[in-house]
K.L.:
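Starting off with a structure, shown below.
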Amino acid sequence: MFIFDSARKEKREFIPQNEGKVTLYVCGPTVYDDAHLGHAKSALVFDLLTRVLRAHGYEVTYARNITDIDDKIIKKAREQNKKISEITTFYTSSFHAEMAALGVQRPDIEPKATESLEAMYEMIQKLIDKGHAYTTPSGDVYFDTSSDSGYLSLSKRVQEENDKQNRVESSEEKRNSADFALWKSVKDGSVTFESPFGLGRPGWHLECSAMIEKHLASSHAEYAVDIHGGGADLLFPHHENEAAQTRCATNHALAAYWMHNGFVNIDGEKMSKSLGNSFFLKDALKIYDGEVLRFYLLGTHYRSNFNFNTQDLEASKKRLDKLYRVKKRLFGLTGEEVATAFQNELLKALGDDLNISAALALIDELINKINETLDTPGKHKEFKREALSNLAYIERVLGFGVQNPYEYFQSGVDEATKAKLAELIEKRSEAKKAKDFAASDAIRDQILAYGVQIMDTPQGTFWEKI
RNA sequence: GGUGCCAUCGCCAAGUGGUAAGGCCGCAGCCUGCAAAGCUGCUAUUCCCCAGUUCAAAUCUGGGUGGCACCUCCA
């Protein structure tokens with residue numbers, strides 16, 4: 001496999017530290033609000049990566065954290081007069097439900113900040129002991145960036161230039177403007193934990209480094225994890241800071257490979273609350289099938305910026321529809337799974353830094369070949385067996401085509417309408433049998449009024465929601 | 001100001017030295033009572049512009065132009 005390593009800015013052959021095993025850590029959500037399309041993109045990208053790694057035969061341990069200690073959470077709890085835990089529980093479960101709708105598999109480990117405090121204390125203490133962190137008079141603990149010769153090696157920035165544009169007020173207690181909080185002392189009792197460093201709460205960057213040590217790292221390894229991923233915006237300062245903490249507190253570097261996914265824009269504009277154009281996943285899922293969103297969001301290479309718009313989504317859906325139509329043609333058939341050349345080619349395409357476009361082109365070729373073959377007379381027994389295996393492989397590795405094909409085309413239609421449609425189709429069939437085409441066409445128009453199109457096949461008349 | 005990314009058919013989008021994948025849309029045909037679906041064929045001598053390297057460049061180099069991201073919590 002090949003992976004583009006955003007630390008080195010080049011595509012590299014992927015070689016895990018332990019043969020056959022991969023550790024993957026991805027920065028997950030801060031659970032203070034509904035997930036938007038950007039969260040979906042990131043989760044989908046690393047879901048795909050995990051599936052592809054597993055298809056390559058790797059035993060993958062995938063961890064994605066839940067940040068449940070954060071100023072934004074506290075603010076929200078205050079505003080809504082709720083407990084912190086009510087907020088975090090609510091948004092954690094909605095996140096899980098929405099990701100499930102997209103076909104995102106749950107990570108193997110999902111550590112929470114609130115459950116990782118001991119690991120964080122341990123890391124802070126190590127950093128203090130090694131002279132990489134200092135305590136201020138007001139009780140905060142900061143990471144001393146000047147003590148880390150490798151600082152900024154990940155993002156390759158220039159500190160003086162960062163400072164020129166630094167829009168954040170720098171605390172006067174910090175030794176260097178880039179120093180970041182490991183521990184924030186809190187006196188108002190809002191959300192405080194009792195630590196060896198006093199009452200307070202941990203800085204945001206710390207949790208990932210601590211969780212990685214706790215759950216994934218082996219102390220003698222050169223790297224704490226094989227792959228560390230997240231959104232492109234996290235490269236700096238979040239990942240830079242994580243890398244610094246781990247490098248200074250332990251005897252290994254944080255990650256052998258870094259992967260960053262591109263952003264999701266809406267109609268050419270950055271999603272942001274101030275622009276009022278955040279597209280929440282829960283709203284998108286009211287309009288579109290989760291798998292359609294999965295297919296659309298994964299349809300563009302993970303490192304590209306993604307511009308979400310409904311026209312492109314509709315075009316993308318038509319491509320997925322074709323996969324489902326071919327599944328309809330093979331529906332009900334079963335057989336032993338066999339390995340095929342197609343599967344090898346698909347895996348090769350995806351193994352090249354998740355080249356989804358190449359993979360989709362192969363799938364389109366496959367669909368075309370299946371339709372072409374099924375259009376010719378014959379039983380095609382062996383061909384069908386291979387076709388079924390290939391479709392099953394696509395389901396497993398890409399998560400495309402996982403639904404019952406008939407239900408896929410009829411999702412969102414209520415039972416009463418379905419019954420009515422069945423009735424109309426029956427009437428139309430009778431009219432057709434009587435060669436009363438004026439009547440059958442009139443009924444078809446009635447059916448069309450439901451937003452449904454029909455198709456006559458040798459097996460009968462079927463309908464699809466348009 | 002710094003760091004970095006991008007520019008390929010009407011639209012989406014691969015391709016990073018060997019002579020332009022794939023999808024949507026469109027056009028023609030087959031099939032169909034007619035449709036829909038499916039199938040077949042057609043649809044970029046050309047990859048933002050200029051110059052250079054090379055037997056060979058969308059792909060490399062230099063210079064432009066135009067987008068964009070990060071440097072603040074952020075996927």
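Naming convention: chains lettered A, B, ... in sequence-line order (proteins, then strands); numbering from 1 in each chain.
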K.L.:
Just checking S155(A): base, sugar-phosphate only, or nothing, at a heavy-atom cut-off of under 4.0 Å?
P.N.:
sugar-phosphate

K.L.:
Between the side chains of N65(A) and E110(A), does any donor sit under 3.5 Å from an acceptor?
P.N.:
no

K.L.:
Do K369(A) and E365(A) meet the salt-bridge criterion of a basic N to acidic O distance under 4.0 Å?
P.N.:
no

K.L.:
Quiz question: going by heavy-atom distance under 3.5 Å, is there a donor-acceptor pair between the base of rA75(B) and the side chain of H260(A)?
P.N.:
no

K.L.:
Contact class for F236(A) (heavy atom, under 4.0 Å): base, sugar-phosphate, or nothing?
P.N.:
sugar-phosphate

K.L.:
Answer yes or no: is there an ion pair linking K282(A) with D34(A), defined by an N-O contact shorter than 4.0 Å?
P.N.:
yes

K.L.:
For the P atoms, the ones on rA7(B) and on rC12(B), what distance do you get once it is rounded to whole angstrom?
P.N.:
12 Å

K.L.:
Map K72(A) and E314(A) onto RNA chain B by nearest heavy atom, then report which one ends up closer to the 5' terminus.
P.N.:
E314(A)

K.L.:
Touch check for I454(A), heavy atoms < 4.0 angstrom, all strands: base, sugar-phosphate only, or nothing?
P.N.:
base

K.L.:
Taking the minimum atom-to-atom distance to the side chain of D233(A), which one of rA37(B), rC70(B), rC73(B) wins?
P.N.:
rC70(B)

K.L.:
Provide the distance between the two P atoms, one in rC9(B) and one in rC47(B), to the nearest whole Å.
P.N.:
10 Å

K.L.:
For G38(A), which contact category applies under a 4.0 Å heavy-atom criterion: base, sugar-phosphate, or nothing?
P.N.:
base

K.L.:
Do the side-chain N or O atoms of T461(A) get closer than 4.0 angstrom to the phosphate oxygens (OP1, OP2) of rA35(B)?
P.N.:
no

K.L.:
Have a look at T457(A) and say if it touches a base, only the backbone sugar-phosphate, or nothing, with a 4.0 Å heavy-atom cut-off.
P.N.:
nothing

K.L.:
Detail all sub-3.5 Å separations between protein N/O atoms and N/O atoms belonging to nucleotides 39-43 of chain B.
P.N.:
unit_1, atom_1, unit_2, atom_2, d
rC39(B), OP1, N368(A), ND2, 2.9
rC39(B), O4', D375(A), OD2, 3.3

K.L.:
Ring centroid separation for F306(A) and Y296(A), is it under 6.0 angstrom?
P.N.:
yes

K.L.:
Record whether the side chain of R303(A) comes under 3.5 Å of the base of rC5(B) through a donor-acceptor pair of N or O atoms.
P.N.:
no

K.L.:
Could you tell me how the ring of H239(A) sits relative to the ring of W258(A): parallel (under 30°), tilted (30 to 60°) or perpendicular (over 60°)?
P.N.:
tilted

K.L.:
What does V264(A) touch in the nucleic acid at a heavy-atom separation under 4.0 angstrom: a base, only the sugar-phosphate, or nothing?
P.N.:
base

K.L.:
What contact category does R325(A) fall into here, base, sugar-phosphate, or nothing, at under 4.0 angstrom with non-hydrogen atoms?
P.N.:
sugar-phosphate

K.L.:
Less than 6.0 angstrom separating the ring centers of F46(A) and Y62(A), yes or no?
P.N.:
no

K.L.:
Say you pick atom P in rU19(B) and the same atom in rG10(B); how far apart are they, in whole Å?
P.N.:
24 Å

K.L.:
Would you say the base of rC34(B) and the side-chain of D456(A) have a donor-acceptor pair closer than 3.5 Å?
P.N.:
yes

K.L.:
Classify the nucleic acid contact of D71(A) as base, sugar-phosphate or nothing, counting any heavy atom under 4.0 Å across all strands shown.
P.N.:
nothing

K.L.:
Could you tell me whether A361(A) contacts a base, only the sugar-phosphate backbone, or nothing, with contacts defined as non-hydrogen atoms closer than 4.0 Å?
P.N.:
base

K.L.:
How would you label the contact of R428(A) with the nucleic acid (heavy atoms, under 4.0 Å): base, sugar-phosphate, or nothing?
P.N.:
base

K.L.:
Measure centre to centre between the rings of F14(A) and Y257(A), then say whether the value is under 6.0 Å.
P.N.:
yes

K.L.:
Give one of base, sugar-phosphate or nothing for S357(A), where a contact means two heavy atoms less than 4.0 Å apart.
P.N.:
base

K.L.:
Using atom P of each nucleotide, how far apart are rA75(B) and rC39(B) to the nearest Å?
P.N.:
42 Å

K.L.:
Write down the distance separating the C1' atoms in rU54(B) and rG17(B), rounded off to the nearest Å.
P.N.:
9 Å

K.L.:
Which residues satisfy the ring pair (Phe, Tyr, Trp, His ring centres under 6.0 Å) test with F4(A), sequence neighbours excluded?
P.N.:
none

K.L.:
Any idea how F462(A) and Y406(A) line up, ring-wise: parallel (<30°), tilted (30 to 60°), or perpendicular (>60°)?
P.N.:
tilted

K.L.:
Between rC70(B), rA37(B), rG38(B), which one does the side chain of R157(A) approach most closely?
P.N.:
rC70(B)

K.L.:
Mind checking K41(A) for me? I need base, sugar-phosphate or nothing, with any heavy atom below 4.0 Å counting as a touch.
P.N.:
nothing

K.L.:
Taking atom P in both rA36(B) and rC30(B), compute the distance separating them and give it to the nearest angstrom.
P.N.:
14 Å

K.L.:
When rounded to the nearest Å, what value does the distance between C1' atoms of rC25(B) and rU65(B) take?
P.N.:
30 Å

K.L.:
Could you measure between the two P atoms, the one in rG22(B) and the one in rU43(B), and give it in whole Å?
P.N.:
12 Å

K.L.:
Has K318(A) got a side-chain N or O lying under 4.0 Å from the OP1 or OP2 atom of rC12(B)?
P.N.:
no

K.L.:
Could you pick out which residue, P29(A) or Y296(A), lies toward the 5' side of RNA chain B when each is mapped onto its nearest nucleotide?
P.N.:
Y296(A)

K.L.:
Looking only at N and O atoms, is any donor in the side chain of D441(A) or the base of rG33(B) less than 3.5 Å from an acceptor on the other one?
P.N.:
yes

